[in-house]
Amino acid sequence: MDLDGSQQDPEMKENPPVYVGREVDIKKSERMTAVVHEREVVIFYHKGEYHAMDIRCYHSGGPLHLGDIEDFDGRPCIVCPWHKYKITLATGEGLYQSINPKDPSAKPKWCSKGIKQRIHRVTVDNGNIYVTLSTDPFKCDSDFYATGNFKVIKSSS
């Protein structure tokens, strides 16, 4: 409880939003990197929407901030520059193309591997961009590369 007797949201207490930059700057570059509570993230601005996720690809730790954004089956995805894994910006799902081997005339279709990349919340307030880390309790494959010795953002010290 706070001094005024009100209850504080426990999620906000443990994981407050962190200022990462100005809206005008990310709109120009369409992406930026940041460290939020010691976790490296990449923030994308694509088609008028903001998206944030762990900076390293869930598959093999590729640098997602260097990847291209492409649409697959109507879903904008970041394509990992190392192995071309496709990750939806909105949900963190890994996408792949599937075909029925018993039907030679079948066309490949896009399928989901499920959520593989941890997605974080982006908010804009008065021209400032803030990222709040995900507190979803499930284990995400990208968590492995978000901790330990896989840092890509160089510290200024």
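Counting begins at 1 with the first residue of the sequence.
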Visitor: Quick one: salt bridge (charged side-chain N to carboxylate O under 4.0 Å, His left out) pairs with a partner in residues 109-118, sequence neighbours left out?
Guide: K116-D141, R118-D143

Visitor: Using the side-chain contact (heavy atoms from CB on, under 4.5 Å) criterion, which residues pair with Y50? Sequence neighbours excluded.
Guide: E23, I26, K27, Y45, V122, V124, I129

Visitor: Sequence neighbours excluded, which residues qualify as ring pair (Phe, Tyr, Trp, His ring centres under 6.0 Å) partners of F44?
Guide: none

Visitor: Could you tell me which residues satisfy salt bridge (charged side-chain N to carboxylate O under 4.0 Å, His left out) with K86, sequence neighbours excluded, listed by chain and number?
Guide: none

Visitor: Which ILVMFWY residues can you reach from Y19 by hopping between side chains whose heavy atoms are under 4.5 Å apart?
Guide: Y130

Visitor: Mind checking what makes side-chain contact (heavy atoms from CB on, under 4.5 Å) contact with P108, not counting sequence neighbours?
Guide: Q97, I99

Visitor: Supply the atom-to-atom distance H46 NE2 to L89 CG, rounded to the nearest 0.5 angstrom.
Guide: 6.5 Å

Visitor: Taking all atoms of both residues into account, what is the closest heavy-atom pair of C80 and G62, and its distance?
Guide: SG-CA, 3.8 Å

Visitor: When rounded to the nearest 0.5 angstrom, what is the spacing between CG in D25 and CD1 in I43?
Guide: 12.0 Å

Visitor: Shortest non-hydrogen contact from C57 to Y145?
Guide: O-CD1, 3.5 Å

Visitor: Please name all residues satisfying side-chain contact (heavy atoms from CB on, under 4.5 Å) with T88, sequence neighbours left out, ordered by chain then number.
Guide: R75, C77, T91, E93, L95

Visitor: Could I get the full list of salt bridge (charged side-chain N to carboxylate O under 4.0 Å, His left out) partners for D71, not counting sequence neighbours?
Guide: K47

Visitor: Checking the side chain of H120 only, and the main-chain atoms of S134 only, is there a donor and an acceptor separated by less than 3.5 Å?
Guide: yes

Visitor: Can you tell me how far the CD1 atom of I119 sits from the SG atom of C140, to the nearest 0.5 Å?
Guide: 8.0 Å

Visitor: Taking side chain as C-beta onward, heavy atoms only, is I78 less than 4.5 Å from Q117?
Guide: no

Visitor: Between H37 (side chain only) and P16 (backbone N and O only), is there a donor and an acceptor less than 3.5 Å apart?
Guide: yes

Visitor: Working to the nearest 0.5 angstrom, can you tell me the gap between S142 OG and I115 CD1?
Guide: 10.5 Å

Visitor: Return the minimal non-hydrogen interatomic distance between Y58 and G94, and the atom names on each side.
Guide: OH-CA, 4.0 Å

Visitor: K102: which residues meet the side-chain hydrogen bond (donor to acceptor under 3.5 Å, both in side chains) condition with it, sequence neighbours left out?
Guide: none

Visitor: Please check if the side chain of N15 supplies one atom and the backbone of L133 the other of a donor-acceptor pair under 3.5 Å.
Guide: yes

Visitor: Who are the side-chain contact (heavy atoms from CB on, under 4.5 Å) partners of E70, not counting sequence neighbours?
Guide: D68, F72, V79

Visitor: I want to check something: taking the side chain as every heavy atom from C-beta on, are R56 and L64 in contact at a cut-off of under 4.5 Å?
Guide: no

Visitor: Within the structure provided, determine whether V36 and V18 are in side-chain contact (heavy-atom separation under 4.5 Å).
Guide: yes

Visitor: If you define the side chain from C-beta out and look only at heavy atoms, does anything of R121 sit under 4.5 Å from V131?
Guide: no

Visitor: Taking ring pair (Phe, Tyr, Trp, His ring centres under 6.0 Å) as the test, write out the residues that go with H51, two or more places apart.
Guide: none

Visitor: Kindly indicate, with the supporting measurements, whether the criterion side chain to side chain contact (heavy atoms under 4.5 Å, CB included) is fulfilled by V20 and M32.
Guide: CA-CA 9 Å; V20 295; M32 66 175 26; 4.1 Å; yes

Visitor: Can you name the side-chain hydrogen bond (donor to acceptor under 3.5 Å, both in side chains) partners of D103, sequence neighbours left out?
Guide: S105

Visitor: Taking atom CZ of F144 and atom OG of S60, what is their separation to the nearest 0.5 Å?
Guide: 9.5 Å

Visitor: Mind checking whether Y96 and Y85 have side chains closer than 4.5 Å, heavy atoms only?
Guide: no

Visitor: A side-chain contact here means heavy atoms from C-beta on lying under 4.5 Å apart; do N100 and K107 qualify?
Guide: no

